[in-house]
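Whatever order the structure lists ligands and atoms in, that order sets their numbers, starting from 1.
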Amino acid sequence: MGYADFHRRSVEDPEGFWAEQARLIDWHTPFTRVCNNDKPPFTRWFEGGRTNLCHNAVDRHLKERAKQNALIFVSTETDVERIYSFEALHAEVQRMAAVLLAQGVKQGDRVLIYMPMIPEAAFAMLACARIGAIHSVVFGGFASHSLASRIDDATPVAIVSADAGSRGGKVVPYKPLLDEAIALARHKPASVLLVDRGLAPMERVAGRDHDYAALREQHLNAQVPCTWLDATDISYTIYTSGTTGKPKGVQRDVGGYAVALAASIQHIFMGQPGETYFSTSDIGWVVGHSYIVYGPLIAGMATIMYEGLPIRPDGGIWWKLVEKYKVTVMFSAPTAVRVLKKQDPAYLKQYDLSSLKALFLAGEPLDEPTARWIADGLGVPIIDNYWQTESGWPILTVANGVERQPSKFGSPGVPMYGYRVKLLHESTGEELTGADQKGVVVIEGPTPPGFMQTVWRDDARFVNTYWKSIPGQLVYSTFDWGIRDQDGYYYILGRTDDVINVAGHRLGTREIEESIASHANVAEVAVVGVADSLKGQVAMAFVVAKDASALGDAQAQLRLEGEIMKLVDAQLGAVARPARVRFVSLLPKTRSGKLLRRAIQAVCEGRDPGDLTTMDDPGALQQIKDLVGAA
Ligand code: AMP
């Protein structure tokens with residue numbers, strides 16, 4: 001079947017289509033209804049069915065591939081390389097599950113995972129899935145305030161963490177940040193499990209903190225059967241930034257997610273059981289959930305979990321791993337490729353990369369020079385794919401597993417099966433059917449399996465934020481601008497909201513502004529995303545100081561800039577740190593007091609700021625122009 005027919009069937013007969021895809025996973029109890037969309041936009045997949053993500057990722061492979069590699073852990077930070085077969089992974093996950101149960105974790109309880117890229121992080125995720133606890137992984141780069149707000153939202157019974165991570169050879173302690181976060185949070189978890197890597201000293205809180213290794217010893221022979229969960233039960237929540245300061249807990253189901261991932265490995269990634277998948281993401285991001293942990297394992301593939309930089313010990317390390325573990329499918333982000341591009345190109349020729357079938361890149365726009373450079377270097381297809389934390393798997397790409405389709409530079413591709421993607425006019429909501437018209441990329445319900453169920457504990461926010469932004473219609477907005485060419489290929493042109501994308505990581509400018517505003521000498525602040533040749537975008541902050549007299553000279557300004565950066569580091573984490581903090585006497589606003597972020601951004605990027613008739617004081621934008629021009 002050609003892809004066009006495959007896609008048509010998926011949207012015209014979703015029940016038939018997804019019932020077939022559902023055969024890719026094991027079901028303990030067959031489902032009785034494929035798709036329940038009686039209460040849009042809440043779509044329920046595979047009602048009546050019972051299954052388990054951990055069973056599908058681990059147990060079901062024991063019969064055929066117990067000794068085969070499942071998890072390959074490589075840390076170039078601590079020089080550790082450790083391989084877990086499916087059998088060994090099964091044992092470790094049961095130990096972790098037994099420890100969690102002994103800590104009183106029950107089905108439906110939340111477990112927050114705040115960990116570096118170590119195998120125990122994957123064990124913890126799979127152990128939660130096994131016993132029906134809901135995991136909420138928080139990216140290790142987030143600091144105490146970010147972590148505290150997620151603790152309060154998830155209200156976890158237990159937290160799994162570690163003494164430290166390591167980055168570029170430098171130890172990054174986790175435990176002090178965790179302690180501070182728990183102190184800041186209103187909700188106090190009963191139990192904290194700590195993996196001690198021997199990297200940083202840890203203070204233990206008696207009664208609350210436990211050494212994971214010691215507890216594991218008590219459960220070496222643990223046998224914890226999988227809890228059969230309803231397909232529509234919650235598997236996990238993952239927080240993502242929006243336009244308000246409060247992060248949203250994207251909530252995902254069990255059965256639909258398992259089916260979506262299994263189908264994507266076959267139709268999009270073309271991975272086969274027994275092969276090796278290497279995603280360079282982090283378990284703290286959605287790509288890490290779908291394509292480091294669950295996706296490859298559900299498909300019976302080995303997955304590489306890599307802790308380290310792409311250029312340490314040298315720029316060949318990833319290719320060395322591709323050769324060593326005969327990686328067939330690789331997944332990374334454009335920023336990482338741009339980092340590699342600055343290295344000696346000889347690294348790409350040094351290793352045998354003949355196992356590699358394709359490199360998938362996602363998370364941010366893929367620019368043509370970067371795509372061409374890596375395509376020439378690797379000699380394999382470079383496959384851009386566009387999706388979001390909310391979707392869980394690609395929305396736009398090419399499904400070469402269904403039918404070989406050409407990729408076009410600059411375009412992630414065409415709508416994936418199950419997705420009804422449209423372009424709508426931003427204000428009238430009218431559908432744009434012609435070629436090359438710019439509109440908001442939206443998805444019509446029912447959304448496919450794997451797509452978010454709702455915002456954790458906040459159905460109203462789910463409906464109002466995502467489904468009601470286009471007047472008069474119930475459609476899901478991606479908050480991305482896009483155009484479609486005459487062949488049906490989409491091009492993504494950036495966000496319609498105040499979310500920015502730094503090195504493939506999505507950050508809300510509001511969160512960064514709130515953090516900066518907590519500095520004693522900050523009266524007002526605007527944060528915008530500005531184009532950057534390496535990271536795609538960087539955050540740029542413009543601050544009005546309370547006491548401008550304290551900013552008399554360049555030294556004083558630098559000092560305050562440094563203080564503000566440190567504050568953001570400490571509260572949100574270095575990922576959110578603005579590239580520069582500049583001082584102005586007023587910010588560009590409309591007469592009604594709304595910040596003109598798009599105009600500031602345009603000026604920073606040397607573009608025309610557009611219509612400024614609603615602007616209150618033109619002097620404000622001029623100040624920014626002068627500052628940026630002088631830089
Ligand atoms: P996140 O939820 O953190 O994965 O961020 C999702 C956002 O990243 C999307 O809404 C887009 O703005 C951007 N994005 C992801 N993948 C791509 C891509 N392949 N091309 C362009 N933008 C992308």
Side-chain angles (χ1 to χ4, degrees), residues 137-139 141-142 146 236-243 247-252 264 268 279-292 331-338 358-368 370-371 374 382-398 407-416 419 421 423 438 440-443 450-452 455 465-466 469 476-484 489-509 511 529 531-532 535-537 575-576 601:
V137 184
V138 176
F139 175 56
F142 284 130
S146 307
Y236 69 76
T237 64
I238 178 169
Y239 288 90
T240 188
S241 302
T243 40
K248 290 185 286 261
V250 168
Q251 176 183 313
R252 200 149 269 135
S264 72
I268 300 172
S279 164
T280 68
S281 183
D282 186 285
I283 44 131
W285 307 117
V286 70
V287 179
H289 286 61
S290 293
Y291 298 113
I292 295 176
F331 193 135
S332 194
T335 291
V337 177
R338 288 191 290 263
L359 170 66
F360 293 83
L361 297 174
E364 56 182 310
L366 174 60
D367 55 289
E368 189 163 339
T370 301
I374 193 71
I382 304 303
I383 302 182
D384 188 359
N385 56 116
Y386 160 88
W387 46 299
Q388 310 181 304
T389 307
E390 289 83 349
S391 70
W393 60 283
I395 299 168
L396 300 171
T397 184
V398 285
S407 287
K408 291 192 188 189
F409 280 117
S411 163
V414 300
M416 281 300 95
Y419 286 103
V421 182
L423 290 172
K438 180 176 166 182
V440 182
V441 180
V442 303
I443 301 169
F451 206 88
M452 74 187 292
V455 172
T465 306
Y466 291 109
S469 70
Y476 173 89
S477 176
T478 62
F479 297 103
D480 281 306
W481 294 113
I483 56 169
R484 183 180 46 227
Y489 282 65
Y490 283 73
Y491 295 77
I492 299 295
L493 308 173
R495 300 280 304 188
T496 65
D497 59 7
D498 296 327
V499 165
I500 63 172
N501 193 317
V502 179
H505 305 322
R506 177 162 145 193
L507 299 166
T509 49
E511 267 173 281
D532 179 81
K535 296 180 174 177
Q537 275 187 314
V575 276
Q601 182 188 43

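Every atom of ligand 1 is numbered from 1 in the order shown, and the set under 4.0 Å from a heavy atom of Trp387 is 6 (C), 9 (C), 15 (C), 16 (N). Close approach to Gln388 involves these atoms of ligand 1, each under 4.0 Å from a residue heavy atom: 2 (O), 4 (O), 6 (C), 10 (O). Using a 4.0 Å cut-off to heavy atoms of Asp384, the atoms of ligand 1 that qualify are 18 (C), 19 (N).
The aromatic ring centroids of Phe360 and Tyr291 lie 6.0 Å or more from each other.
Distances from atom 15 (C) of ligand 1 to the heavy atoms of Gly482, Ser241, Gly363, Ser281 put Gly363 nearest.
For atom 8 (O) of ligand 1, the closest non-hydrogen atom of the protein is Asn501 ND2, 3.1 Å. Looking at atom 5 (O) of ligand 1, its nearest protein heavy atom turns out to be Arg506 CD, 3.4 Å. At the top of the distance list for atom 20 (N) of ligand 1, counting protein heavy atoms only, stands Glu364 O, 3.3 Å. For atom 9 (C) of ligand 1, the closest non-hydrogen atom on the protein side is Asp480 OD2, 3.3 Å.
Test Lys248, Glu511, Arg506 against Ser241 for side-chain hydrogen bond (donor to acceptor under 3.5 Å, both in side chains) and you get one pass: Glu511.
Using a distance-only test at 3.5 Å, with no hydrogens or angles considered, a donor-acceptor pair links the side chain of Thr397 to the main chain of Asp384. The backbone N or O of Gly392 sits less than 3.5 Å from a side-chain atom of Ser290, completing a donor-acceptor pair. Formation of a donor-acceptor pair under 3.5 Å by the Gln388 side chain with backbone atoms of Thr478 is found in this model. Judged purely by atom type and a 3.5 angstrom limit, Thr509 uses its side chain to pair as donor or acceptor with the backbone of Asp498.
The closest approach between any non-hydrogen atom of Asn385 and ligand 1 is below 4.0 Å.
Ring geometry for Tyr466 versus Phe479: interplanar angle of 30 to 60°, hence tilted.
The proximity of Trp285 to ligand 1, defined as any non-hydrogen pair under 4.0 Å, does not occur for either the backbone or the side chain. Proximity of Arg495 to ligand 1, defined as any heavy-atom pair under 4.0 Å, is confined to the side chain (atoms from C-beta onward). By the criterion of a heavy-atom distance under 4.0 Å, both the backbone and the side chain of Thr389 are placed next to ligand 1.
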Chi angles and distances behind the side-chain contact (heavy atoms from CB on, under 4.5 Å) call for Phe331, Ile292: CA-CA 9 Å; Phe331 193 135; Ile292 295 176; over 6 Å; no
